[in-house]
Q: 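What follows is a structure written as structure tokens; I'll ask about it next.
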Amino acid sequence: MDTNALMMPVECDIRVFDELDRLFGPAAELVVPSAVLDELDSLAGGHSEAATAASVGKDLAGRCRVVETNVSYADDAIVELATDGELDYVVTNDAPLRDRLRSHGVHVVSRQGETTLGIRSP
């Protein structure tokens, strides 16, 4: 899961974990790179809607297994994990990251309807 996926509940009113259960079942293992947690920490300061969404995202990340990578930039960490075969799918609504992942043959889960997620094949 990337940063904006964990912020979707506040920013897009999407119940991300319910949607992932619907798509993959409750046994799916969810992971988040430590770089995403660092990005959420940096966004969580302040009183804006983005700060609130990042704070909620940090709490939600507690439902995921944290994975260390060799890079500190969150998008690069996700691409590294996905291209190394560590991830079967990536949850993101970030269009440039989505395009990067799909160019590497990675399946992407992103917003499909107002409050739903769908799988985009490469």
Side-chain angles (χ1 to χ4, degrees):
M1 297 187 70
D2 83 335
T3 303
N4 73 35
L6 290 163
M7 294 170 64
M8 275 194 250
V10 173
E11 294 183 332
C12 305
D13 197 31
I14 294 177
R15 299 180 58 88
V16 175
F17 291 95
D18 290 347
E19 282 296 297
L20 294 174
D21 283 351
R22 179 183 63 80
L23 291 171
F24 301 109
E29 179 183 30
L30 305 175
V31 299
V32 61
S34 59
V36 167
L37 298 179
D38 294 340
E39 187 172 22
L40 288 168
D41 279 337
S42 69
L43 294 171
H47 301 288
S48 66
E49 182 178 335
T52 300
S55 292
V56 169
K58 282 176 29 180
D59 289 342
L60 293 175
R63 297 183 182 185
C64 304
R65 180 173 60 90
V66 178
V67 178
E68 298 296 327
T69 64
N70 295 320
V71 295
S72 59
Y73 180 60
D75 287 2
D76 291 344
I78 289 169
V79 171
E80 178 183 293
L81 289 169
T83 57
D84 286 350
E86 297 289 325
L87 306 174
D88 295 323
Y89 298 87
V90 173
V91 184
T92 184
N93 214 37
D94 178 322
L97 176 58
R98 195 171 53 221
D99 293 343
R100 253 177 97 185
L101 291 164
R102 292 176 69 201
S103 74
H104 287 287
V106 178
H107 290 67
V108 175
V109 177
S110 61
R111 186 175 180 177
Q112 186 171 28
E114 288 229 5
T115 59
T116 59
L117 297 177
I119 301 169
R120 295 173 186 244
S121 297

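What you are looking at is a predicted structure, and each value in this text was computed from that prediction instead of being measured.
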Q: Taking the side chain as everything from C-beta on, heavy atoms only, tell me whether Ile78 gets closer than 4.5 Å to Leu97.
A: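 With C-beta onward as the side chain, the pair touches.
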
Q: Calculate, to the nearest 0.5 Å, the distance between atoms CD and CG belonging to Glu11 and Asn4 respectively.
A: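 It comes to 7.5 Å.
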
Q: Indicate the ring-plane relationship of Tyr89 and His107, choosing parallel, tilted or perpendicular according to the 30° and 60° boundaries.
A: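 Perpendicular: the ring planes of Tyr89 and His107 meet at over 60°.
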
Q: Would a hydrophobic clustering, with Ile, Leu, Val, Met, Phe, Trp and Tyr connected at side-chain separations under 4.5 Å, put Val56 with Val66?
A: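 Linked within one cluster.
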
Q: Only one of Thr92, Thr83, Asp75, Asp76 clears side chain to side chain donor-acceptor pair (under 3.5 Å) with Arg100; which?
A: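 Only one of Thr92, Thr83, Asp75, Asp76 forms a side chain to side chain donor-acceptor pair (under 3.5 Å) with Arg100, namely Asp76.
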
Q: Rounded to the nearest 0.5 Å, what's the gap from CD on Glu68 to CG on Asn70? Could you check?
A: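 If we round to the nearest 0.5 Å, Glu68:CD and Asn70:CG are 9.5 Å apart.
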
Q: Rounded at 0.5 Å granularity, tell me how far CE in Met8 sits from CG in Asp13.
A: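 Answer rounded to 0.5 Å: 12.0 Å.
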
Q: Using the rule that two of Ile, Leu, Val, Met, Phe, Trp, Tyr join whenever any of their side-chain heavy atoms come within less than 4.5 Å, decide whether Tyr73 and Met1 are in one cluster.
A: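 In one cluster with Tyr73: Met1, no.
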
Q: Show your reasoning for whether side chain to side chain contact (heavy atoms under 4.5 Å, CB included) applies to Val36 and Leu6.
A: CA-CA 9 Å; Val36 167; Leu6 290 163; 4.0 Å; yes

Q: Please check this pair: side chain of Asp2 against backbone of Ala5, looking for a donor-acceptor N/O pair closer than 3.5 Å.
A: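 Answer holds: yes.
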
Q: Quick check: closest heavy atoms across Ala35 and Ala74, and the distance to 0.1 Å?
A: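 The pair with the smallest heavy-atom distance is CB-CA, 3.7 Å.
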
Q: Considering only distance and modelled atom types, tabulate donor-acceptor pairs under 3.5 Å from the side chains of residues 112-122, sequence neighbours left out.
A:
residue, atom, partner, partner atom, Å
Thr116, OG1, Gly113, N, 3.1
Arg120, NE, Ser110, OG, 2.7

Q: Is there a side-chain contact between Leu87 and Val106 in this structure, where contact means two heavy atoms from C-beta onward sitting under 4.5 Å apart?
A: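 They are not in contact (no side-chain heavy atoms under 4.5 Å apart), so the answer is no.
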
Q: Distance alone, cut at 3.5 Å: any donor-acceptor contact between the side chains of Glu39 and Thr3?
A: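 Per modelled atom types, Glu39 and Thr3 side chains form a pair under 3.5 Å.
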
Q: Could you report the tightest heavy-atom contact between Gly45 and Ala51, atom names first, then the distance?
A: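 Result for this residue pair: O-CB, 3.4 Å.
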
Q: Might you confirm whether atom CZ of Arg15 has over 12 heavy atoms from other residues, nucleotides or ligands at distances under 6.0 Å?
A: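 Counting other residues, nucleotides and ligands, CZ of Arg15 stays at 12 neighbours or fewer.
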
Q: Which distance, rounded to the nearest 0.5 Å, do you find between the CG of Leu43 and the CG of Asp38?
A: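 Here the interatomic distance stands at 11.0 Å.
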
Q: Taking all non-hydrogen atoms of both residues into account, name the closest pair between Cys64 and Val32 and its distance.
A: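 Heavy atoms only, the tightest pair is CB-CG1, 3.8 Å.
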
Q: Between atom CD1 of Ile14 and atom CZ of Arg111, what is the distance when rounded to the nearest 0.5 Å?
A: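 Answer for the CD1-CZ pair, Ile14 versus Arg111, is 5.0 Å.
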
Q: Nearest 0.5 angstrom please: Leu23 CG to Asp18 CG, how far?
A: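 Leu23 atom CG to Asp18 atom CG measures 11.0 Å (nearest 0.5 Å).
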
